[in-house]
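I have placed the structure first, in the form of structure tokens, so that the comments after it can refer back to it.
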Amino acid sequence: MDVPEKNKPTRNLALELVRVTEAGALGAGRFMGRGEKEEADAAAVDAMRLILKTIDMDGIIITGEGEKDEAPMLYNGERVGNGEYPDVDVAVDPIDGTRPLAFGRLNAIATVAVAPRGTMFDPGPLVYMDKIVVGPAAKGKIDINAPVVDNLNAVAEARGKHISDVTAVVLDRPRHAKLIEEIRRAGARLRQIPDGDVAAALMTCLPDTGIDILFGIGGTPEGVLAACALQAMGGDIQGKLYAGDSQTLALGKTAGYDFDQVLTMTDLVASDDVFFVATGITDGELLKGVKYFSNSARTESLVVRGLTGTVRWITATHHWDKLHGISSIKY
């Protein structure tokens, strides 16, 4: 029986992209605790770039971790994929949590997101964004311009909790001193994390993590990556570009960016046909890190598809004798 074209299953790029983040995690995982951030980043980038070249897509990196003259980073504007259909935007962070990886701490992940060409927000040179993120229960209830206590109360009401049961997560940075004081004054619980706000943003959508809301200034690429996952997982995000100094502010304004604009989910990724993948490098609350054995390694990945809202956890075993026989990367 012929199936109408509109009812035929479409291709799930996320199931191919998971090979990219697995490769990045395997490449970087051996650097855990060695204090070598640059070497770990280079290993992740080399492995991810190799696999990206094999994916059937014509991709342009909209938000990466470096510019072209800072190779080997996956840079903004770099073309990835094998040039075949579909035409897509790509956001990538080879290691979200470079410092935790370098010092053997929790929550380092490799991550990539893909959306139709022209639908991802391009932050240009602006690398920081003020964000607020919640899970599905509080979607549509947040306002980044409102007082912190109002957002906490809104989340508490949406989740059917007392505000003292609400847990907020914030990057542990001096710039967040006032924010942290406001959360404490409101009576909410507080989790301060050293790095890794992509993983923290996603945890707001997973009830077992106990995280209700994320506040604070983090990376703009990480904001776009998180938005792609949240789009599929039913969460919500708002952001405002942040300039830490007058030079960045002037640069952004000259380029036409509005620092007062509230960037909503659809501003950050204007399509629900999104794919998001993350693989754990070190152990964390979101994902388990790479585990090494005598002749193999095991990875755990989160694989998300926007059109269907499907969230998968994939555990994979990688056998060195077979992998090294076909790969130019010596993991």
Side-chain angles (χ1 to χ4, degrees), residues 18 20-52 61 63-67 69-76 91-113 127-129 131 169-176 191-203 209 211 214 216-226 244 277-293 297-302 316 318 320 329-331:
V18 69
V20 176
T21 55
E22 286 174 347
L26 290 169
R30 292 191 186 278
F31 289 87
M32 186 178 80
R34 287 165 52 177
E36 300 172 338
K37 294 193 295 183
E38 291 78 12
E39 290 83 353
D41 252 331
V45 167
D46 287 345
M48 292 177 78
R49 181 178 276 125
L50 179 69
I51 305 301
L52 277 168
I61 294 181
T63 62
E65 283 294 288
E67 298 300 331
D69 60 354
E70 295 177 359
M73 304 307 292
L74 286 158
Y75 58 86
N76 297 349
V92 60
D93 193 347
I95 305 175
D96 179 43
T98 310
R99 280 183 294 182
L101 171 61
F103 295 105
R105 297 170 184 159
L106 300 177
N107 290 324
I109 61 175
T111 184
V112 65
V127 297
Y128 287 107
M129 175 188 291
K131 309 169 204 171
V169 62
V170 175
L171 283 170
D172 186 8
R173 299 288 188 273
R175 62 178 177 259
H176 290 149
R191 173 91 54 88
Q192 295 184 64
I193 57 173
D195 293 279
D197 63 345
V198 174
L202 270 59
M203 285 193 287
T209 66
I211 300 298
L214 176 146
I217 298 162
T220 309
E222 288 83 354
V224 176
L225 280 160
V277 183
T279 300
I281 304 175
T282 63
D283 281 337
E285 292 168 284
L286 181 67
L287 290 163
K288 295 177 182 177
V290 182
K291 300 293 187 295
Y292 292 95
F293 309 102
R298 186 171 64 236
T299 57
E300 184 178 69
S301 302
L302 174 69
H318 310 268
W320 299 133
I329 297 291
K330 299 302 181 185
Y331 297 105

Would you name the heavy atoms of [X] and [Y] that are closest together and state the gap between them?
X: G64; Y: P221; value: O-CG, 3.9 Å
X: M129; Y: G223; value: SD-CA, 4.5 Å
X: Y292; Y: A25; value: OH-O, 4.3 Å
X: G24; Y: A47; value: N-CB, 4.1 Å
X: V45; Y: P94; value: CG2-CG, 3.6 Å
X: L214; Y: A200; value: CD1-CB, 3.6 Å

Rounded to the nearest 0.5 Å, what separation is found between the [atom1] atom of [X] and the [atom2] atom of [Y]?
X: L287; Y: M203; atom1: CG; atom2: CE; answer: 10.0 Å
X: E22; Y: I281; atom1: CD; atom2: CD1; answer: 12.5 Å
X: D93; Y: T98; atom1: CG; atom2: OG1; answer: 6.5 Å
X: E285; Y: I211; atom1: CD; atom2: CD1; answer: 6.0 Å
X: L171; Y: K131; atom1: CG; atom2: NZ; answer: 7.5 Å
X: D197; Y: L202; atom1: CG; atom2: CG; answer: 10.5 Å

Can you tell if the side chain of [X] reaches within under 4.5 Å of the side chain of [Y], non-hydrogen atoms only?
X: F31; Y: E38; answer: no
X: V92; Y: T111; answer: no
X: R173; Y: D195; answer: yes
X: L286; Y: T209; answer: no

Inspect the contact between R191 and D172 and indicate whether a charged nitrogen and a carboxylate oxygen are less than 4.0 angstrom apart. no
Between D283 and K288, is there a salt bridge with N-O shorter than 4.0 Å? no
Given 3.5 Å as the limit, does a donor-acceptor pair link the side chain of [X] with the main chain of [Y], or not?
X: T220; Y: Y128; result: yes
X: K37; Y: G35; result: no
X: H176; Y: I217; result: yes

Verdict with supporting geometry, L26 and T299, side-chain contact (heavy atoms from CB on, under 4.5 Å): CA-CA 8 Å; L26 290 169; T299 57; 3.9 Å; yes
Determine whether V198 and I109 satisfy the following criterion, side-chain contact (heavy atoms from CB on, under 4.5 Å), listing intermediate values before the conclusion. CA-CA 9 Å; V198 174; I109 61 175; 4.2 Å; yes
Assess R298 against W320: is NZ or CZ under 6.0 Å from the centre of the six-membered ring, and within 45 degrees of the ring's axis? no
Passes side-chain contact (heavy atoms from CB on, under 4.5 Å), T282 versus N107? Steps please. CA-CA 6 Å; T282 63; N107 290 324; 5.5 Å; no
